[in-house]
Structures are given as C-alpha cells and as structure tokens.
Amino acid sequence: MQINSRNQSTASDPAHDIWKEQRHPLDRIFAPRSVAVIGATEREGSVGRTLLWNLIRNPFGGTVFPVNPQRRSVLGLKSYPDIASVPEVVDLAVIATPAAGVPQVIRECIAAGVKGAIIVSAGFKEIGAAGEALEQQVMAEARRGGMRIIGPNCLGVMNPVLGLNATFAGTIARPGNVAFISQSGALCTSILDWSLGENVGFSAFVSIGSMLDVGWGDLIEYFGDDPHTHSIVLYMESMGDARSFLSAARPVAIDKPIIILKVGRTAAAAQAAASHTGALTGSDDVLNAAFRRCGALRVHTISDLFDMAEILAKQPRPQGNRLSIVTNAGGPGAIATDALISDGGALADLAPETVQQLDEFLPPQWSHHNPIDILGDASSDRYAKTLEVVAPDPNSDGLLVILTPQAMTNPTQTAEKLKSYSKLGKPLLASWMGGVEVSAGTQILNQANIPTFPYPDTAVRLFNYMWRYTYNLRAIYETPSLSADSDLWSPDRSAAANILTSARKSDRTLLTEYESKQLLAAYGIPTIATSIATSDREAVEIADRLGYPVVLKLHSETITHKTDVGGVKLNLGDANAVISAFEAIAQRVRAIDPAAFLGVTVQPMVNLEGYELILGSSIDPQFGPVMLFGSGGQLVEVFQDRSLALPPLNTTLARRMMEQTRIYKALQGVRGRSAIDLVQLEQLLVRFSQLIVEQPQIAEIDINPLLVSPEGAIALDARVVLQTTENAISPAIRPYPTQYVQTWSTNGDRPITIRPIRPEDEPLMVLFHEELSEESVYLRYAHMVKLKHRIAHERLTRICFIDYDREMLLVADRQDPETSEHRILGVARLSKLHGTNEAEFALIVSDSYQQRGLGTELLRRLLQIGQEEKLQAIVGYILNSNYQMQSLCKKLGFELQPDRSEGMLKAVFVCY
C-alpha cells in the first residue's frame, strides 16, 4: 500500500509557467500579471512617479495600472480613480500614499481581490504608538482578504529575471543568481550601484522594510524553491519571527548558502537599528547560536557578504579547516598564516610523499613546510607543478595561491597555467597582489571560477568562513548516535510537573536547591544525595548517616545565590563542625532576612578529581530557551568560557556545543589525566535540553558546578527560577512531538510503536528501504528509484532531520523482544505546501506488513495530526492503477479528483 508524492519544484520558465499555475502566494508579488500603482503621479522627483516609470520602462510582460483620483492619465497611461475601477483583477498593488490612508487603501484592495501589496510608505511603527496602531489596522484588513504584504517603509522589490522593477530606485539590477534581501532601503540603493559596476547579478532584489507581514522565513522559503536563485544574501537589522526564520533556513541552507550581515553586534549599533526598524534586538551571542543551528553563515562586512556568495557559487566547500598556502614570497605567506590561525583555521601538515615530490623539482631553498614558499623566481610552470602536487594531499582541505609581481614571475602567464585547476574537489583561492601589473591575471582567474583577491589575509578570512559553513551544516545533518539506554529511559514528566506546580501554588518563582535537584533527577541527570535539616541536631543525624565530611548549604525559598550570603560550608569533618556551620549560616542569613532561613541541606563532600562545569538555560526574548555550557565554579563569570545553543539537542549537537569551549580540550584528557566519558556527557546535555523545552514554566536554570570526571558526572548544586507569567516564550525550534507517540497492534501481533521520526532513525530507514520490493517503490514514487539513491545520506537527512513545524513523518517501529533490535515497518509523511495552510501526504508500508491494516492506521493518524495542527486540507497523488490506495482514501473521507498529471488522481481531505 503506497502513495506517491510529487516534486514541487518551481517551473523553469518564469514568464510562462509561473503564470500558468501560481503555486505560492508570493508569486503575486515577484511574478505578477498585473500591477496597480496607488499614488501614481507625474510630479517630478516623487516616489509615485518613479515607481510607475520603473514599471513601464522595464517591461515584465504584465499590465500596469496607475491609480490617482485627480488625474485621467499618468505618464501616458489611463489612470483610474480607485482600485475598484481597474478593469481586471490586479495581482500586485504598490502603495505610495500617506501612511494615515493606507488602511483604507488596503481595505479597497481586498474588496477588489488584490492578493499582493508593497507598501513603500513610511510613518508606521518606526514613529511610535500611532504608527503601530496603523499597522494593526493594515494587518487586520490583509488577513481578512488573504493578502501578503512587503513593507511598509521599504524601497520595493525587483525580479531582474522577469524585468520587474517595483521600486523607486534609479535603475534595475542585472539578472543573476543571488537573492538579496535587505531591511535598509538606503543600503539597497548603494548595493545596487556597486553591483552595476562590478557586474554582479541578482535573481531578486528585495527591500522588506519593517516586515509587517512577509518576513525572513517567508522569503527564504520562497527563494529556496526558486530555480534561478543559487544563494540568498541578507542584510538584517532585526530578526522578527525567529521560529519562522529557523524553520525556513535549515532545509534551504543545505542546498543554497544563506549569508547574513546582521548589524547590532555592539550596544550602540543595536540601539540604532532598533530606532530605525522599531524592533528590539536580542543577544548577539544567541543570534550566532541560532545561525549555527540553521546552517546560515554570518559575515561582518558588506564585501564579505558578496564575496562569500561568489566563492560558494564557484568553489566547493572545504571538508575541514586545513589550508595549504603556495607563495613566491615569505611575507605574504606569514600574513596569511597569522590570519588563518588567529581565526580558528589551521595550516595543513604536508604529507611525506608530498614533500618528497616537491623536493624533486623545487629549488633546495624552498621552505620545506607549509606555507610552501617556492621562491621569488618562481615561473608559471613552477606554480602549476606545485599546485598539481599539493592539491591531492589528503591532509589539506583547501588551497591558497599567492603571487607577488616579481621580476621573474609573470602574473598573466601564471594565471593561464592555473586556470585548468579550478575543479580540484576542494576550494582553490588566489591572491594576485598588486595593481595594473596583475589585473589581467586576476581577470583570467576570476573568469575560470577561481576567486581572486588583492590581499592574502582577505582570502584566508573567506576560507575560514567556508569551513565554518561546512562545520555548521555537518552539525545539523550528521546522524547522531543512539545511546544504549534511549529505548529504556524516559523522563518522569509528571514528577517534574508536580514540583513546578507546587512551587507556583505557593506563589514562588524560585525552587529550593532540594526541589531543583529533584527536577533534574526526573530527567535522568545525576545529582548528589541531598537531605533537608531544619535544626542543627537533625543536620548532625543526617551527616552521621551519610558519613563525613559533609557540606551544609542554605535551604531557602527566596535567596538564589547561597555563596554570596555565606550560605555554603564545605568539608565539615565531625558533628561539632556541622553544628557550628548550621549556626553560622542561620545567623548570617537571619541578619539579612529572618524569613529567608528555612534550614540547611546536608550533602556528602565530593572529593573526586575532575572538572567543574556549568550547564544552564535562560529565556531569550526572540528565541525562547537558550542553553549554556562551559567552565563552571565560582569564577564562571571571570573565565567566560562558554558556548550557547538552541534546544532541543541531539548527541551531535551536544558534542558541537562542547567543542566550542576551551575546556573541551581538557575534557578529552590532558597532561596525563584521563579523558572524561564524553558520550555520557553528551547524553546529559541532551536530557537537559529536553527538560528545558518540555517544561516551559522554567525561566532560568543553572547546574553549577556540574562535576565531571572519568568516573562520571554529578550535579553538585542547582538553581531554578520560574517564569512570572503564563505567556511563556516557546522554543525557537519545535521539540520532538511526544504527543504523537502511540502504540498499535492487530491480529494478536506484538505492539508496534507509531511515532514521529528522529534523526537517529537514519540507519533504520536504510534497512527499511533495503527490504522494499520494486513494486512498492514504483507505487510510492510513480517511477523506479534505485536503492543507492533511496538510502543516500543526503536524501535521508531530508527525511530523518525534519522540522516538526513544517513536516510530520510517522514511522511504525517494532522492537524484537529477544534482540531488542528495532525495525521500521511503515512510513507516513505529511509535508506542508509552501505558502499555504495545506499539506501533502505520502505513505509506504513494508511488503511483509501490507494487507494487515498498518497503512490504514498510519493514514488515519496523519489525518488526526492534520486536524490538530489546524491544517485546512491534506492532499495526495495516486496512480490510476493503485486501486487499493484509492479505496483506502475513499474509506477515510478523501475526495478523489482527476489530476492534470497523466495517470494520476488527486486525493483531497478537508480538515475543517
């Protein structure tokens, strides 16, 4: 029982196929059949005149209608008093009227059936409360009519491929393959002017202003589907909808680089950006973590923005950070080395066979190491031969060739020799240093797709960007390990919820240390044995039972940092020491706040040799919970050795989080000390991330110190603060939907778990595809797909590493009770159609489990999920010959319709 899923790629002919069937609401804006300019005028220098002139002097194949109640014609075109008077339904309205009148204009557009609008007018939220009220009125009207809006306070949009210029810029951009999206209209015009001089082309040129409606996520998704767009370049002042951005960016980044220049790294810049866009700016470190998590590449200069788009279009991504440098001068090689290493890159260690081959033809004085200095008299043949030998070195991830114009070196001839090496399987960059003398060689290399730069440190900086981009993508799509106890362990969610609910009922936002450790224990995080004592006698009794030495800590519902008030006493060796410590803590705290002292906790003194770490989480206003990992202890703020990540994590992401800290090297073992159990620590981070996304009442949580040693890990202290409001900020990345995990059985068979897929399931998916018959494969895909393609990692990442906001893929998982091995018996997928509130489903069941009701159950659960996710409709495409699937769909309430694809039926289920 299989149903096939069709490819939803955009048609290749934009002027014809996009109009034939508009598949995405934003086509009304970027590929309109008709455009109305509301506020069109002939007044010289006005925005309304420039917009109209740009649309009619750059024919895009559609019709343009000026709207101006005061004029019968504008620039030779018949003018209409209002949008209702236009003789045909308009796809796109470009609005250049005063802000106060825009809500009424939108209302009239909705009545006339307009589905897309660009509001270039200023005077909205950037001016304060009055402008925000106008925006709310505009959006209320737009939602009522299903309209999508770019702006307000923007330059407009261009589609150079079609010839559409719906902006008030001076000219249209050249056609190309880069989608450029900016929040700053002024920067757009500067970039446009620069691009014309540099012959840089664009598939789209978009000024989005303050993102009242269409935001980053909408545009990344749209241009991710656009065949003319090879990379997406963003100038960002504010994030907007963080969840939408991350959800859209992650699947797109694996195919198309997303390169971001995000301003606001300093407090002053953040304030300037906020005043310009009317938006708040979050923590810059959190933004970096977010960009890493979705595979986007952040750069810090405008030149790097477009240099990276060029490099990633011309050269492959490096697999690591090791660079080989070939140079005819020592100084530039040293400059390149400094730039490389200071920013995290590494010099490639030349393999012995490489050195041996270089010795055979290079002068004896060559450097004999990397950088490979081939001396100032290097000829073009020497350059070419060196590159030929060094390129295949297995220790190298990329190459940089530096040339300085010395008397015996010919820059042009050398470039001619090197241009045949443009496709080495690893990136090749060049730095032809100089001016007029090297310009011809630079042009030759650039035309051969070898990016060339005037300075070697610039080239190295871009190489460092490249390997980080690879590193980030690999972290996202590397199959995580499945721990041995993953199937046996699950958190005690009810115990955790009871702890939090009890505190809230007591009107407390601070958990005691004892409660905090109970909360951690509910999620499988090891904690030290802790007991509460309300008197010195009780403290002694507990200490006698635990054994000395012990630790006493303040037990309080109001004081968060115990050390600051003298509330921690360590290494207490006998009963007298315990009594003295109890009295000292009580006296000190009662002097500060008599009600704060509720007793002490008594814990054994841990003397394990290990490292003190911190593991914590706090709420970011844009991204929700953010995790922190790093060096812990009392000097945590001093050392500032920490990394941030967005939960939830898997084991791969947990390891990447650790790798970003300096203490990670020590954790691997250093100076004769054994390495800690990094696999166990990975799993601890995964469970901690699960805790913070599943318990949204938590505002802050710290485990400090988390003591790790070769013997294990244990939380010595913990602090939990709850949110003060019920309106908790959701995680920016949707956690694993445990609510859709259920069991099912039929005909007395062993129970089967039907659950959403996980990244860890990739090996099981390989086995599943290996067992499918050719008939099952054909019915699923409507054509034969070879096994090697079905089980390719690149393909399975798109199946196993899904965003649960955009897709839901259920697997039927059966575990063998004797071997404990798992086997996937069926897969059912629900994928949202871009730009709509509909989803497409696909279904395939293992041959051995067909005709047993599993396919029916999987599809039934997909329909339930669609209704719970508030989808409007679910569709699927079935071969005319697949009678069994047609029967099933009819039974579950689908309507079958003829499809324009030959040999197919379209199944439609209306959710509400």
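Here the side chains of Leu246 and Leu646 are in contact, with some heavy-atom distance below 4.5 Å. The closest side-chain heavy-atom distance from Thr479 to Pro763 is below 4.5 Å. By the 4.5 Å heavy-atom criterion applied to side chains, Leu510 and Glu557 are not counted as neighbours. Put simply, the side chain of Val551 does not reach to within 4.5 Å of the side chain of Val602, judged on heavy atoms. You'll find the side chain of Phe291 stays beyond 4.5 Å of the side chain of Asn472, heavy atoms only. In this structure, Gln690 and Pro648 have side chains that are not in contact, with every pair of non-hydrogen atoms separated by 4.5 Å or more. Here the side chains of Asp285 and Arg642 are in contact, with some heavy-atom distance below 4.5 Å. At least one side-chain heavy atom of Ile528 sits less than 4.5 Å from a side-chain heavy atom of Pro604.
Counting non-hydrogen atoms of neighbouring residues, nucleotides and ligands closer than 6.0 angstrom, the CD atom of Glu821 reaches no more than 12 such neighbours. Crowding of Tyr548 atom OH: a count of heavy atoms from other residues, nucleotides or ligands under 6.0 Å exceeding 12. Around atom CD of Glu711, more than 12 heavy atoms belonging to other residues, nucleotides or ligands sit under 6.0 Å away.
His793 contributes a side-chain N or O that, together with a main-chain N or O of Tyr477, makes up a donor-acceptor pair within less than 3.5 Å. Between the Ser689 side chain and the Val686 main chain, a donor and an acceptor come within less than 3.5 Å of each other. Side chain of Ser580 to backbone of Ala577: no donor-acceptor contact under 3.5 angstrom is found. For Thr651 (side chain) and Glu682 (main-chain N/O), no donor-acceptor pair under 3.5 Å exists by modelled atom type. Side-chain atoms of Thr661 never come within 3.5 Å of backbone atoms of Met657 as a donor-acceptor pair (strictly under, hydrogens ignored). Asp620 places no side-chain N or O within donor-acceptor distance of the main-chain N or O of Val286, the cut-off being under 3.5 Å. For Ser238 (side chain) and Gly240 (main-chain N/O), no donor-acceptor pair under 3.5 Å exists by modelled atom type. Although no hydrogens or angles enter the test, the distance criterion places no donor-acceptor pair under 3.5 Å between the side chain of Thr743 and the main chain of Ile752. With Asp813 contributing its side chain and Ile824 its backbone, the two residues share no donor-acceptor pair below 3.5 Å. Judged purely by atom type and a 3.5 angstrom limit, Arg292 uses its side chain to pair as donor or acceptor with the backbone of Leu644.
Listed here is the closest heavy atom pair of Gly712 and Gln680: CA-OE1, 3.4 Å. Pairing each heavy atom of Arg673 with each of Gly610, the nearest pair is NH2-O, 3.6 Å. Across every non-hydrogen atom of Ile703 and Ala715, the tightest pair is CG2-CB, 3.5 Å. Minimum interatomic distance between Pro756 and Tyr740 (heavy atoms only, all atoms of both residues): CD-O, 3.7 Å. Closest approach of Pro625 and Ile729 over heavy atoms only: CD-O, 3.9 Å. Minimum interatomic distance between Pro526 and Leu684 (heavy atoms only, all atoms of both residues): CD-CD1, 3.9 Å.
Here Lys832 does not pair with Asp803 in a salt bridge; the nearest charged N to carboxylate O distance is not below 4.0 Å. Salt bridge annotation for Arg250-Asp805: absent, with no cationic side-chain nitrogen under 4.0 angstrom from a carboxylate oxygen. A salt bridge links Lys553 with Asp717: the closest approach of a Lys/Arg side-chain nitrogen to an acidic carboxylate oxygen falls below 4.0 angstrom. For the pair Glu869 and Arg734, the salt-bridge criterion is met [side-chain N within less than 4.0 Å of a carboxylate O]. Between Glu478 and Arg655 there is no salt bridge, since no side-chain N of the basic residue sits under 4.0 Å from a carboxylate O of the acidic one.
When Ile525, Leu520, Leu685 are each tested for a side chain to side chain contact (heavy atoms under 4.5 Å, CB included) with Leu615, only one passes: Leu685. For the side-chain hydrogen bond (donor to acceptor under 3.5 Å, both in side chains) with Lys517, the lone residue among Thr530, Thr527, Thr512, Thr601 that qualifies is Thr530. Applying the side chain to side chain contact (heavy atoms under 4.5 Å, CB included) test between Val550 and each of Val540, Asn571, Val578 identifies Val578 as the sole match.
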| request: Go through Arg298 and Asp284 one step at a time and tell me if the side chain to side chain contact (heavy atoms under 4.5 Å, CB included) criterion holds. | output: CA-CA 11 Å; Arg298 184 179 188 177; Asp284 197 63; 2.8 Å; yes

| message | Walk me through whether Val720 and Ile698 qualify under side chain to side chain contact (heavy atoms under 4.5 Å, CB included). | response | CA-CA 7 Å; Val720 178; Ile698 297 173; 4.3 Å; yes

| task | Could you check Tyr736 against Tyr804 for ring pair (Phe, Tyr, Trp, His ring centres under 6.0 Å), going step by step and ending with a plain yes or no? | result | CA-CA 7 Å; Tyr736 185 78; Tyr804 301 113; 5.8 Å; yes

| Criterion side chain to side chain contact (heavy atoms under 4.5 Å, CB included) on Phe245 and Ile260, from CA distance to verdict | CA-CA 12 Å; Phe245 169 84; Ile260 303 173; 3.7 Å; yes

| message | Applying salt bridge (charged side-chain N to carboxylate O under 4.0 Å, His left out) to Asp761 and Arg755, what does each step give before you reach the verdict? | response | CA-CA 11 Å; Asp761 289 323; Arg755 57 173 176 80; 2.8 Å; yes

| Residues Leu572, Met605; criterion side chain to side chain contact (heavy atoms under 4.5 Å, CB included); working and verdict | CA-CA 8 Å; Leu572 306 176; Met605 182 73 191; over 6 Å; no

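In this structure, CD1 on Ile341 lies 10.0 Å from CG on Asn321, to the nearest 0.5 angstrom. One finds the CG atom of Leu554 at 11.0 Å from the CZ atom of Arg588 (value rounded to the nearest 0.5 Å). In this structure, Tyr514 OH and Leu598 CG are separated by 14.5 Å, a value rounded to the nearest 0.5 Å. Rounding to the nearest 0.5 Å places CD of Glu700 at 9.5 Å from CD of Gln723. Within the model, atoms OG of Ser730 and CD1 of Ile619 stand 9.5 Å from one another, a figure rounded to the nearest 0.5 Å. Taking OG from Ser643 and CE from Met627, the interatomic distance works out to 8.5 Å, rounded to the nearest 0.5 Å.
With ring centers used as reference points, Phe582 lies under 6.0 Å from Phe597.
Side-chain contact check for Gln742 and Gln864: no donor-acceptor pair (N or O, by modelled atom type) lies under 3.5 Å. For the 3.5 Å distance criterion, the side chains of Asp492 and Ser494 qualify, holding a donor opposite an acceptor.
By the 30° and 60° cut-offs, the orientation of the rings of Tyr465 relative to His300 is tilted.
No cation-pi contact links Arg293 to Phe623, judged by a cut-off of 6.0 Å to the six-membered ring centre and 45° from its axis. Figure legend: Arg656 and Tyr471 shown as a cation-pi pair, the cationic atom lying under 6.0 angstrom from the six-membered ring centre and within 45 degrees of its axis.
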